[in-house]
Peer 1: 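Here it is, the structure in full.
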Number of protein chains: 2
Amino acid sequence: MKNPLDQPTATIHTMRARLATPDPPPATDPKLDALVREIIERVADKWTMLVLEVLEEHGVVRFTRLGELVGGISQKMLTKTVRQMESDGLVKRTIHPVIPPKVEYELTNLGRSLGTAFCGVWIWAEEHHEEIDHARRTFRRDSEIA
Amino acid sequence: MKNPLDQPTATIHTMRARLATPDPPPATDPKLDALVREIIERVADKWTMLVLEVLEEHGVVRFTRLGELVGGISQKMLTKTVRQMESDGLVKRTIHPVIPPKVEYELTNLGRSLGTAFCGVWIWAEEHHEEIDHARRTFRRDSEIA
DNA sequence: CTGCATCCCAAAGGATACTG
DNA sequence: CAGTATCCTTTGGGATGCAG
C-alpha cells in the first residue's frame with residue numbers, strides 16, 4: 001500500500017471535547033497527535049496490557065512468578081515487554097543483590113494510572129463478551145452459507 | 001503531579017466488587033476470566049485501536065480511505081483487522097454492488113461502546129506523554145552509564 | 001535456582017502484482 | 001476500488017546455554 005504521507009490520523013481532540021473539556025477548539029497539533037499515536041501503538045499491546053493487569057492485581061512480583069501469572073508468555077517476550085514498560089516508566093524494577101537472585105517488578109504511579117485508564121476496557125470486555133460471542137457465531141454462520 | 005488516578009490498584013475484580021453487588025462476587029469465575037482475557041488479547045491490538053479511532057472520528061469510510069486515515073498500515077493488515085473487527089461485531093461492512101466496487105465501513109453500537117471505553121487510554125496518553133518521554137530519556141541515560 | 005542472551009524455527013507483517 | 005495471492009522481511013516463541 002502506498003503511504004505518501006503520514007496522514008495526521010489520530011484526533012483525540014474530538015473525543016476530549018466530547019467528554020468534558022470546554023477548552024479552545026481542537027487546533028490539531030500534528031506533532032502531539034503523532035506523539036500520542038506512538039504511545040497508543042506501544043501500549044495497545046496484548047502482553048503489555050496483561051502484564052499491567054497482573055502487576056495491578058498482585059503488586060510486587062518476581063520475574064518467574066510474573067510469567068506464571070500472565071500465562072502463555074515466553075521468557076523472551078516477558079523480558080522484552082517488561083523492559084519496554086520499564087523504559088516507558090510504567091514499571092519499576094528492583095534488583096536485590098542476594099543469592100539466589102531476586103528481581104521484583106511493580107507498577108509506578110504512571111503505570112497504575114494507565115491501568116486505571118485501561119480498566120474501562122476490561123469492564124467493557126466483561127459486559128459485552130456475550131455480544132461478541134454472538135457476533136462471532138453469526139459471522140461464522142453467514143460465512144458458511146457462502 | 002496531578003494524578004487523581006493514583007488509587008491502589010484498580011483491577012477488574014476490585015472494580016467489579018466495588019461497583020456491582022457488594023456481597024457475592026469476590027469469587028472469580030475462571031471461565032469468565034478466560035473469556036474476558038481472550039477478548040482483551042484480541043482488542044488490545046495496535047491496528048484495531050487505530051481503526052477504531054478512525055471510524056469513530058469519520059463515521060462511514062471506504063476501504064482505501066480508511067487505510068489512508070489509519071496511516072502506515074498495509075492492505076493485508078487492514079483487511080485482516082477490519083475482518084476480525086467485523087466478525088467480533090465491532091464493525092459493519094456494506095458492499096455496494098457497483099462498478100467500481102464500493103465497500104463502506106462503520107462502527108456498530110458495540111464498536112462505539114469499545115471506542116468509548118478505550119477513550120480513557122487516549123486521554124491518558126495525551127496527559128502523560130511528557131512523563132513517558134522523560135522516563136525514556138532517563139532510562140536511556142541510565143543505560144548508557146552502564 | 002533466577003534471570004537474561006542466543007539459536008533456530010514458526011508466524012506475523014509489508015510490498016508488489018494481479019483479478020473481479 | 002477492493003481485495004486476493006505471492007514473495008520476502010521482521011518479529012515472536014521454544015529450547016538451550018550461561019552468568020550470578
Side-chain angles (χ1 to χ4, degrees), chain A residues 1-7 9 37-38 40-51 54-55 58 60-87 91-106 139 142-143 146, chain B residues 37-38 40-51 54-55 58-88 91-106 139 142-143 146:
Chain A
M1 176 198 184
K2 197 81 193 248
N3 196 9
L5 162 68
D6 283 353
Q7 203 86 23
T9 78
R37 182 208 160 105
E38 194 272 341
I40 293 293
E41 288 183 20
R42 272 256 230 183
V43 143
D45 169 72
K46 159 179 147 173
W47 292 132
T48 301
M49 288 302 103
L50 259 18
V51 166
V54 167
L55 290 180
H58 295 83
V60 182
V61 185
R62 296 177 67 177
F63 183 83
T64 301
R65 178 67 178 149
L66 181 56
E68 293 170 359
L69 289 169
V70 170
I73 188 172
S74 66
Q75 273 190 351
K76 194 181 180 180
M77 283 312 294
L78 182 57
T79 299
K80 182 184 173 185
T81 302
V82 95
R83 277 289 183 289
Q84 182 169 274
M85 292 176 76
E86 188 193 2
S87 78
V91 160
K92 180 172 169 242
R93 178 162 166 266
T94 308
I95 305 175
H96 296 87
V98 298
I99 296 177
K102 184 177 179 181
V103 178
E104 290 180 319
Y105 296 90
E106 63 189 305
F139 189 80
D142 290 354
S143 299
Chain B
R37 182 205 160 106
E38 194 271 341
I40 294 293
E41 288 184 20
R42 272 256 231 184
V43 144
D45 168 72
K46 157 181 150 173
W47 293 132
T48 301
M49 289 302 103
L50 258 17
V51 166
V54 167
L55 290 180
H58 294 82
V60 182
V61 184
R62 295 177 68 177
F63 183 82
T64 301
R65 178 66 179 151
L66 181 55
E68 291 169 0
L69 289 169
V70 170
I73 187 172
S74 65
Q75 285 177 2
K76 191 181 180 180
M77 283 314 294
L78 181 57
T79 301
K80 181 185 172 184
T81 301
V82 96
R83 281 287 187 292
Q84 182 169 276
M85 291 176 78
E86 187 193 2
S87 79
D88 287 345
V91 160
K92 180 176 168 232
R93 177 163 166 265
T94 309
I95 305 175
H96 297 86
V98 297
I99 295 175
K102 183 177 179 180
V103 180
E104 290 180 320
Y105 296 89
E106 63 189 305
F139 188 79
D142 289 353
S143 299

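Numbered from 1 within each chain, the chains take letters A, B, ... in sequence-line order.
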Peer 1: Please give, in whole Å, the distance from C:dC1 C1' to A:Q75 CD?
Peer 2: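 To the nearest whole Å, that distance equals 12 Å.
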
Peer 1: May I ask you to evaluate whether B:R62 reaches the phosphate of D:dC1, defined as a side-chain N or O under 4.0 Å from OP1 or OP2?
Peer 2: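 No, no such contact exists.
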
Peer 1: Looking at every strand, decide which applies to B:P100 at a 4.0 Å heavy-atom threshold: base, sugar-phosphate, or nothing.
Peer 2: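 Sugar-phosphate: the residue B:P100, judged by heavy atoms under 4.0 Å, touches backbone atoms but no base.
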
Peer 1: Round to the nearest Å and state the distance from A:I99 atom CD1 to D:dA19 atom P.
Peer 2: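 Result: 15 Å.
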
Peer 1: Rounded to the nearest angstrom, tell me the gap between atom NZ in A:K102 and atom P in C:dC4.
Peer 2: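 Distance, rounded to whole Å: 15 Å.
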
Peer 1: Any side-chain N or O of B:T79 less than 4.0 Å from the OP1 or OP2 oxygen of D:dA2?
Peer 2: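 No, because none of the side-chain N or O atoms of B:T79 sits under 4.0 Å from OP1 or OP2 of D:dA2.
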
Peer 1: For a 4.5 angstrom cut-off between non-hydrogen side-chain atoms, does B:L78 reach B:V51?
Peer 2: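 Counting from C-beta outward, B:L78 and B:V51 do come under 4.5 Å.
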
Peer 1: Please state how far atom CG in A:L78 lies from atom P in C:dG3, giving the value in whole angstrom units.
Peer 2: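 In whole Å, C:dG3 P and A:L78 CG are 10 Å from each other.
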
Peer 1: Taking atom C1' of C:dC4 as reference, at what distance in whole Å does atom CG of A:L66 sit?
Peer 2: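 For the pair A:L66 CG and C:dC4 C1', the rounded distance is 14 Å.
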
Peer 1: Between C:dC4 and A:R83, is there an OP1 or OP2 to side-chain N/O distance shorter than 4.0 Å?
Peer 2: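 Checking C:dC4 against A:R83, a side-chain N or O does come within under 4.0 Å of OP1 or OP2.
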
Peer 1: Taking only the side-chain nitrogens and oxygens of B:S74, find out if one of them lies under 4.0 Å from OP1 or OP2 of C:dG13.
Peer 2: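 No, because none of the side-chain N or O atoms of B:S74 sits under 4.0 Å from OP1 or OP2 of C:dG13.
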
Peer 1: In whole angstrom, give the distance that lies between atom CD of B:Q84 and atom P of C:dG13.
Peer 2: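 Going from CD in B:Q84 over to P in C:dG13 covers 10 Å.
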
Peer 1: Would one find a side-chain N or O of A:K76 under 4.0 angstrom from OP1 or OP2 of C:dA5?
Peer 2: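 No, outside the criterion.
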
Peer 1: With nearest nucleotide decided by heavy atoms, which residue, B:F63 or A:D45, maps closer to the 5′ end of DNA chain D?
Peer 2: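 Checking each residue's closest nucleotide, the 5'-ward one belongs to B:F63.
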
Peer 1: Rounding to an integer number of Å, can you tell me how far A:K46 NZ sits from C:dA12 C1'?
Peer 2: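 After rounding, the reported distance stands at 12 Å.
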
Peer 1: Using the rule side-chain contact (heavy atoms from CB on, under 4.5 Å), only one of A:E104, A:R83, A:M85 pairs with A:R93; which is it?
Peer 2: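 Testing A:R93 for a side-chain contact (heavy atoms from CB on, under 4.5 Å) against A:E104, A:R83, A:M85 leaves exactly one candidate, A:R83.
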
Peer 1: Can you check whether B:V82 reaches B:E86 side chain to side chain, under 4.5 Å on heavy atoms?
Peer 2: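 Counting from C-beta outward, B:V82 and B:E86 never come under 4.5 Å.
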
Peer 1: B:M77 has an atom CE; how far is it from atom C1' of D:dA2, in whole Å?
Peer 2: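 Nearest whole value for this atom pair: 17 Å.
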
Peer 1: Can you tell if the side chain of B:E38 reaches within under 4.5 Å of the side chain of B:E41, non-hydrogen atoms only?
Peer 2: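 They are not in contact (no side-chain heavy atoms under 4.5 Å apart), so the answer is no.
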
Peer 1: Would you give the length of the straight line joining atom OG1 of A:T48 to atom NZ of A:K80, rounded to the nearest 0.5 angstrom?
Peer 2: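 One finds 9.5 Å between OG1 of A:T48 and NZ of A:K80.
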
Peer 1: Of the nucleotides C:dC1, C:dG20, D:dG3, which one has an atom closest to the side chain of A:P101?
Peer 2: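 Looking only at side-chain atoms, A:P101 lies closest to C:dC1.
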
Peer 1: Would one find a side-chain N or O of B:Y105 under 4.0 angstrom from OP1 or OP2 of D:dC1?
Peer 2: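 Answer no for this pair, as no side-chain N or O of B:Y105 is under 4.0 Å from OP1 or OP2.
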
